[in-house]
Protein chains: 2
Amino acid sequence: MLAWLRQYRRAQLPGDISAGIVVAMMMIPQGMAYAMVAGLPPVAGLYASIVPPLLYALFGSSMTQSIGPMAITSLMTASLLAPLAAPGSGLYMVLAAQLALLSGVVLLVCGLLRIGFLANFFSRPVMNGFTLGSSIVIALGQGDALLGAVFPQVHPLSAILGVGAVVLLLLARQFLARGLRLAGLPAAAADVGARLAPMVLVIGATILSWLFDFGALGVHTTGAVPSGLPGLNLATSASHWRALVQPALLIGFMVFLISMSGAQTLALKRSEKLHSNQELIGLGAANIGAALTGGFPVTGSLSRSAVNFAAGANTQLASLITAALLALALVAPTGWLALLPLPVLAATIIVAVLGMLDLDTLRTAWRYDRADALALLATAAGVLGLGVEAGVIIGLMLSMGAIIWRASRPHIAVLGRIAGTEHFRNITRYAADTTPELLLLRIDAGLFFANVEPVRERIDEELAAHPATRNLVLVLSAVNAIDTSALFGLVELNTSLKARKIGLHLAEVKGPVMDRLKHSSLLDTLNGQVFLSTAMAAQALSAAH
Amino acid sequence: MLAWLRQYRRAQLPGDISAGIVVAMMMIPQGMAYAMVAGLPPVAGLYASIVPPLLYALFGSSMTQSIGPMAITSLMTASLLAPLAAPGSGLYMVLAAQLALLSGVVLLVCGLLRIGFLANFFSRPVMNGFTLGSSIVIALGQGDALLGAVFPQVHPLSAILGVGAVVLLLLARQFLARGLRLAGLPAAAADVGARLAPMVLVIGATILSWLFDFGALGVHTTGAVPSGLPGLNLATSASHWRALVQPALLIGFMVFLISMSGAQTLALKRSEKLHSNQELIGLGAANIGAALTGGFPVTGSLSRSAVNFAAGANTQLASLITAALLALALVAPTGWLALLPLPVLAATIIVAVLGMLDLDTLRTAWRYDRADALALLATAAGVLGLGVEAGVIIGLMLSMGAIIWRASRPHIAVLGRIAGTEHFRNITRYAADTTPELLLLRIDAGLFFANVEPVRERIDEELAAHPATRNLVLVLSAVNAIDTSALFGLVELNTSLKARKIGLHLAEVKGPVMDRLKHSSLLDTLNGQVFLSTAMAAQALSAAH
């Protein structure tokens with residue numbers, strides 16, 4: 001906690017200051033835009049960009065993570081709250097804050113329970129499919145705001161502003177960095193500068209709006225923004241709290257996965273070490289902070305964190321500077337914000353999510369592993385066809401299924417003796433000798449509930465293939481653990497082999513596994529012996545005949 | 001499909017006939033009782049015991065499985081339908097059938113998708129905790145029916161009948177089998193005979209009810225039962241279908257787990273082979289059959305299947321005989337059923353679920369693996385405190401967590417050369433030589449999304465512990481597969497090692513893994529070589545210096 005502050009070096013300051021300023025410039029339009037995606041007034045996005053990064057800086061583990069509203073979590077917020085309240089209503093805002101609070105608590109509890117290993121839950125194709133589907137849903141969802149009226153109606157001036165802004169932003173993305181480089185800026189600075197195009201556009205549009213009174217011409221604008229910082233406002237109806245439990249679990253899960261996958265990408269570039277449990281605690285604190293200041297669920301955004309990183313951020317001080325600048329922007333007169341034309345804000349959203357479209361993973365997976373490519377497409381199709389919640393659940397089920405499928409196929413080798421040695425090896429890979437009455441099986445995975453039946457089936461198959469077997473030795477050199485289900489499985493195996501007059505022996509049992517087994521009835525009832533080594537087992541059981 | 005019928009031997013017939021009769025005698029009170037648990041009229045339990053076993057016999061894989069209503073699935077049915085309709089209402093019955101239909105379809109689809117490996121999803125302690133909690137909930141839920149009035153009120157005659165029946169059934173369980181053995185019956189027959197106590201009791205109570213007109217004395221009875229078989233009756237409201245999707249997934253999942261765990265126990269005793277995908281199809285067909293005949297979700301019941309097994313069932317013909325007898329009972333005049341006192345039926349439920357209480361797993365787990373014991377208690381507490389749905393979800397989350405935790409901790413060994421040989425072994429287990437500039441790491445698990453980050457972290461740690469490393473060799477002799485996420489992980493590792501001027505080499509890559517990698521960019525960009533053996537890698541990379 002705050003280790004970075006204690007070790008802070010003066011040399012880190014310039015990078016942090018420049019990154020802090022750049023990200024603040026990026027955050028103002030982005031925060032407002034993602035609040036719109038979440039179905040909230042744009043100012044809520046600014047609120048949600050101040051206290052959360054402060055708390056993350058205190059408790060989180062990534063140095064360059066930029067915490068705040070993010071496209072996908074905003075979409076999820078809108079989708080999860082839609083059945084509970086009308087977007088824009090007072091209740092809706094209260095529920096958005098409550099959702100952030102509950103998911104913050106979920107994240108915090110998960111961090112304290114140290115279950116950060118769940119960060120590796122979604123495969124990359126599933127995560128990519130989820131992002132792909134969500135980006136398209138978000139972009140389509142901004143269509144009406146972009147065109148200024150409910151499609152197929154169009155408000156001409158709004159449409160010109162919106163579509164024009166999209167074109168400008170696409171051109172900026174394509175050419176601005178190159179232009180700035182040609183103008184003499186260093187490559188890194190040019191890239192960062194190009195990311196400020198949305199802010200420049202928003203300022204320009206606001207000035208135009210003021211000059212030509214867009215509001216009077218029928219263009220929707222953000223409208224009056226309350227100055228100052230908001231306070232806590234939570235509902236007390238128990239039924240609302242209950243209705244938010246499942247959404248909070250879903251959104252907390254995705255907040256964590258999205259933040260970790262971004263942070264891991266950046267940490268790799270600097271050999272920085274992430275602590276997933278610390279990350280959970282940081283994200284939990286950030287979301288609780290968002291809730292207490294009238295915000296909505298927040299997470300680390302890869303696109304914003306990458307700018308933070310590229311702009312020179314060395315520590316979380318950069319995010320603190322960003323937060324301070326945003327707070328200043330809100331404490332200062334906020335009248336100018338009211339004039340911002342919504343079609344332009346919608347354009348920034350559409351271009352931002354188009355930037356999240358990455359078909360490279362799909363291409364790679366399609367060539368490399370068709371099943372992974374299909375998982376990607378299924379998740380994307382789920383988000384598009386059934387909604388973002390269903391997308392998460394499909395992703396969960398596909399990932400879960402893949403993990404269990406792998407867990408249920410442990411590697412098991414029949415061992416034989418390498419002639420003239422004390423070495424025993426897999427007979428399918430080495431020329432090794434076996435004897436018909438002795439079957440040596442090496443199980444190359446910890447034994448637990450997900451593989452106990454498959455292991456038992458495999459043992460049955462091997463016994464059927466070696467009908468003369470009088471003694472079966474399980475070589476447990478690679479078995480790091482045996483859980484209670486597997487213990488029952490071994491006890492039942494022992495009983496059934498006893499009835500078939502086949503001895504069951506164990507060899508090379510690891511110390512910790514043996515300590516556990518001593519607390520069970522298996523060793524007392526074992527229809528055979530425990531041997532230190534496979535060689536000793538083979539010798540004793542061959543000599544017996 | 002029907003393999004058992006093609007291979008039917010005459011010698012199997014007597015066992016199948018006796019088991020068919022015995023199970024029918026057991027099924028009549030049990031079916032009615034579990035229909036009550038499900039919130040349905042008792043006759044629905046008889047309907048659900050006729051067509052489902054027929055379809056299971058056609059499509060299922062277990063020879064001794066007895067398909068029909070079961071305590072836990074009935075409890076789940078009641079709990080899942082409670083928010084949607086009032087128990088006993090016409091809509092409720094329609095929804096119960098629809099729930100069976102949807103879960104049947106879910107099971108069938110899962111079978112066709114061949115995802116039967118999910119049968120190993122719940123650990124034994126989690127399953128036991130779920131059963132424990134459910135038994136208590138079911139027993140408590142029968143309190144009012146047992147005492148004949150809403151507690152704390154009591155209807156004296158009903159209470160005498162109910163409590164008396166409980167006492168008689170407990171005495172029968174304790175002493176009847178022994179008594180029958182003393183009376184000269186063989187042990188197996190005595191055990192089976194003792195299981196018919198509920199039927200005898202139900203017949204006795206019905207006769208008493210007729211003699212003394214219990215109905216007029218205020219004792220609730222089953223009431224008029226329509227004669228004949230029911231037809232299909234499904235609602236058409238889309239919102240009802242939608243509301244049943246999640247319940248159908250939950251109940252389908254538990255139908256499968258409950259049926260498989262029972263069938264596995266019995267299959268073990270006869271070295272019979274189960275096919276989990278076939279089982280899914282059989283259960284799916286059975287539930288669709290239940291839906292089409294006005295029933296509710298059904299599954300294999302271990303207690304009933306065990307009686308079937310003990311009474312001599314050799315094939316599914318036994319279940320066909322049971323079904324035929326039940327159909328006869330319904331086509332025959334059913335007036336007698338109307339007189340059956342409900343307190344006695346409640347007593348059979350309470351005693352049956354008390355029989356499901358098994359504290360042995362808890363005791364074993366508590367001594368052997370405290371974490372497993374806590375998972376058991378958490379699942380049981382979830383069912384008791386939050387309901388049966390929450391119990392399933394807690395069980396799912398605990399099992400999922402345990403699987404991912406194990407998957408995310410692959411075994412990785414630093415290898416060294418056994419002096420004077422070409423053998424390379426784990427340096428923590430063997431006296432093996434290493435050189436400071438060459439790091440050999442053997443990864444003992446397939447690489448996939450759940451372990452790609454942990455593996456990368458471990459590689460970083462080993463590189464930090466061996467700072468002189470110029471070449472890293474990943475020995476992939478135990479890696480059976482590399483998924484797309486792990487492929488990206490390797491590509492990123494390669495990039496980051498390249499930047500650190502460390503070579504990345506692969507050794508002992510298995511054939512199928514190599515075939516896949518050839519469809520990726522990894523081999524083209526690899527900052528090192530692919531070696532056939534660890535020895536060749538060590539030789540080449542040592543010679544290079």
Side-chain angles (χ1 to χ4, degrees), chain A residues 115 117-126 264-265 268-269 271 273 276 361 364-365 367-369 371-373 399-409 411 423 444-446 448-454 456-457 460 478 480-481 483-485 487-489 492 496 500 516-517 519-521, chain B residues 115 117-126 264 268-269 271 273 276 361 364-365 367-369 371-373 399-409 411 423 444-446 448-454 456-457 460 478 480-481 483-485 487-489 492 495-496 500 516-517 519-521:
Chain A
I115 55 175
F117 61 86
L118 292 182
N120 306 312
F121 192 82
F122 269 15
S123 70
R124 198 185 280 237
V126 164
Q264 276 164 352
T265 306
L268 262 182
K269 297 196 179 170
S271 308
K273 208 169 153 40
S276 53
T361 304
T364 302
R367 277 201 315 269
Y368 180 75
D369 186 342
D372 271 341
S399 302
M400 213 160 75
I403 294 180
I404 301 165
W405 188 73
R406 278 169 209 273
S408 68
R409 304 170 82 234
H411 185 245
H423 293 296
D444 289 345
F448 75 119
F449 61 92
N451 64 19
V452 54
E453 272 307 317
R456 195 146 64 183
E457 274 172 30
D460 274 342
N480 285 315
D483 82 348
T484 307
S485 309
L487 174 70
F488 276 102
E492 287 160 5
S496 108
R500 295 163 68 180
R516 275 270 158 92
L517 289 181
H519 289 101
S520 81
S521 64
Chain B
I115 55 176
F117 60 87
L118 292 182
N120 306 311
F121 192 81
F122 268 13
S123 71
R124 199 185 279 238
V126 164
Q264 276 163 352
L268 261 182
K269 297 196 181 173
S271 308
K273 211 169 150 45
S276 53
T361 304
T364 303
R367 278 200 315 269
Y368 180 76
D369 187 341
D372 271 340
S399 302
M400 213 160 76
I403 294 180
I404 301 163
W405 188 72
R406 278 168 209 272
S408 67
R409 303 169 83 234
H411 185 245
H423 294 295
D444 289 344
F448 76 119
F449 61 92
N451 65 20
V452 54
E453 274 304 318
R456 194 146 65 184
E457 274 173 30
D460 275 342
N480 285 317
D483 81 348
T484 307
S485 308
L487 174 70
F488 276 103
E492 288 160 5
T495 309
S496 108
R500 294 162 70 181
R516 275 270 158 90
L517 288 181
H519 289 100
S520 81
S521 64

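The sequence lines fix the lettering, A, B, ..., with proteins before strands; numbering per chain opens at 1. Small disclaimer: the values here were computed from a predicted structure and weren't measured.
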Please state whether the side chain, the backbone, both or neither of [X] comes within less than 4.5 Å of a heavy atom of chain A.
X        : result
B:Arg406 : side chain
B:Ser408 : side chain
B:Phe448 : side chain
B:Ser399 : both
B:Arg409 : neither
B:Ser521 : neither

Please classify the contact of A:Thr265 with chain B as side chain, backbone, both or neither, using a heavy-atom distance under 4.5 Å. neither
Is A:Ala407 in contact with chain B via its backbone, its side chain, both, or neither, using a 4.5 Å heavy-atom distance?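 Looking at A:Ala407, just its side chain touches chain B.
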Most heavy-atom pairs under 4.5 angstrom with chain B, which of A:Leu487, A:Ile115, A:Thr484, A:Asp460? A:Thr484
Which one wins on heavy-atom pair count under 4.5 Å against chain B: A:Ala119, A:Ser123, A:Ser485?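 The option with the most such pairs is A:Ser123.
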For residues [X] and [Y], determine if any side-chain heavy atom of one lies less than 4.5 Å from a side-chain heavy atom of the other.
X        : Y        : answer
A:Phe449 : B:Val126 : no
A:Asp444 : B:Asp444 : no
B:Leu517 : A:Tyr368 : yes
B:Ile404 : A:Leu118 : yes
A:Glu453 : B:Phe117 : no

Could you list the residues that satisfy side chain to side chain donor-acceptor pair (under 3.5 Å) with B:Gln264, not counting sequence neighbours?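 For B:Gln264 there are no side chain to side chain donor-acceptor pair (under 3.5 Å) partners, ignoring immediate neighbours.
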Applying salt bridge (Lys or Arg N to Asp or Glu O under 4.0 Å), can you list everything that pairs with B:Asp483, at least two apart in sequence or on another chain?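 Not a single residue meets the salt bridge (Lys or Arg N to Asp or Glu O under 4.0 Å) criterion with B:Asp483.
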Using 4.0 Å as the upper bound for N to carboxylate O, is an ion pair formed by A:Arg124 and B:Glu492?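 Yes, B:Glu492 and A:Arg124 are salt-bridged.
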Drop me the distance from A:Asn120's CG to B:Asn451's CG, to the nearest 0.5 angstrom. 8.5 Å
CG/B:Asp369 to NE2/A:His519 distance, rounded to the nearest 0.5 angstrom?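 Interatomic distance, B:Asp369 CG to A:His519 NE2, rounded to 0.5 Å: 11.5 Å.
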Leading residue by heavy atom contact count with chain A [cutoff under 4.5 Å; candidates B:His411, B:Glu457, B:His423, B:Arg456]: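 Counting heavy-atom pairs under 4.5 Å, the top option is B:Arg456.
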